[in-house]
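Just so you know, ligand 1 is whichever comes first in the structure, and atom 1 is the first atom listed for that ligand.
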Amino acid sequence: MAYFHNKFSAISIILVLVLMVNTCIGSNFNQDFELTWGDKRAKIYGGGQLLSLSLDKISGSGFQSKKEYLFGRIDMQLKLVAGNSAGTVTAYYLSSQGPYHDEIDFEFLGNVTGQPYILHTNVYAQGKGNREQQFYLWFDPTKNFHTYSIIWKPQHIVFLVDNTPIRVFRNAEAIGVPFPKNQPMRIYSSLWNADEWATRGGLVKTDWSKAPFTAYYRNFYTQTYSSSSSRSSSNGAWQSQELDAYGRRRLRWVQKNFMIYNYCTDYKRFPQGFPPECRH
Ligand SMILES: *[C@@H]1O[C@H](CO)[C@@H](O)[C@H](O)[C@H]1NC(C)=O
């Protein structure tokens, strides 16, 4: 019996090892993305190492991934429009297609020189969003590249900035809240003019004398979790990726010091009571 027990343990360990994280290294924008609009305003340089989007009075620009993703971790480094970026929005998001689409959003709302960008986040499930959280950043996002990541698992979505979790959206299907988990998503980004609302609710207009406005992208990196092996070991692997004590502490630090809007505390907006995922 002991022999069989040990053999069984050995098999479980092997199964866990077989459940390898598939990592795709060597980001190349030519290989992984297509430039979708804005003509020459979207560009790939350096043999695929760097991408830029720009916006002028005539048009913005955008790109999208060739592949679709269903769960995984997606990292991208962005350097946002510098100087007077008021009125501009750099959207970087995952989205499926169709009227009941799912979406996981980062949007960077520009500002006048020296004033802070707002990082706007949202999650759509089955066509419904309205789950905004907004943050200031603890650094100037126009000086250097910083890494913006999404960890998307069946149990939760984590938004990270330079590896610091800023937001966790948990799967609350158990209490009737839809969660993105059946529709594969592409990665999209665009730089566009939204001066009717972006900066201080539309008070500050885009200064076209500063155009073109340009944002840069590099070091795209994805990890997908293959779940082809047995149920118990794959559960273990998913769970081992949740926030550890340090991650939870960092999340609290960001939410306490940098969060400027949370739909879950907006009493005016939900006079009849907060959405169910807000009460936990
Ligand atoms: C821009 O700066 C103003 C003044 O500091 C601030 O109130 C606002 O939140 C900033 N960001 C945006 C996108 O408006």
TODO: Assess whether salt bridge (charged side-chain N to carboxylate O under 4.0 Å, His left out) is satisfied between D75 and R73, documenting all intermediate values.
DONE: CA-CA 7 Å; D75 296 348; R73 174 175 174 140; 2.9 Å; yes
- [ ] In sequence, state the C-alpha distance, the side-chain angles, and the governing distance for D32 and S65, and then conclude on side-chain hydrogen bond (donor to acceptor under 3.5 Å, both in side chains).
- [x] CA-CA 6 Å; D32 298 319; S65 64; over 6 Å; no
- [ ] Would you please classify the geometry between the Y92 ring and the Y217 ring as parallel, tilted or perpendicular, with 30° and 60° separating the classes?
- [x] tilted
Open item on the list: Within the 3.5 Å criterion, strictly below it, is a donor on R167 or T121 matched to an acceptor on the partner's side chain?
Closed with: yes
Task: Test item: side-chain donor near acceptor, H156 and N171, under 3.5 Å - done: no
Any protein N/O atoms within less than 3.5 Å of an N/O atom in ligand 1? List the atom names and distances, or say none.
| from | atom 1 | to | atom 2 | distance (Å) |
| --- | --- | --- | --- | --- |
| ligand 1 | 2 (O) | N111 | OD1 | 3.4 |
| ligand 1 | 2 (O) | N111 | ND2 | 2.4 |
| ligand 1 | 5 (O) | Q115 | OE1 | 2.6 |
| ligand 1 | 9 (O) | Y136 | OH | 2.7 |
| ligand 1 | 11 (N) | N111 | ND2 | 2.6 |
| ligand 1 | 11 (N) | P116 | O | 3.1 |
| ligand 1 | 14 (O) | R200 | N | 3.0 |

- [ ] Kindly check if the number of other-residue, nucleotide or ligand heavy atoms within 6.0 Å of CZ (F139) is above 12?
- [x] yes
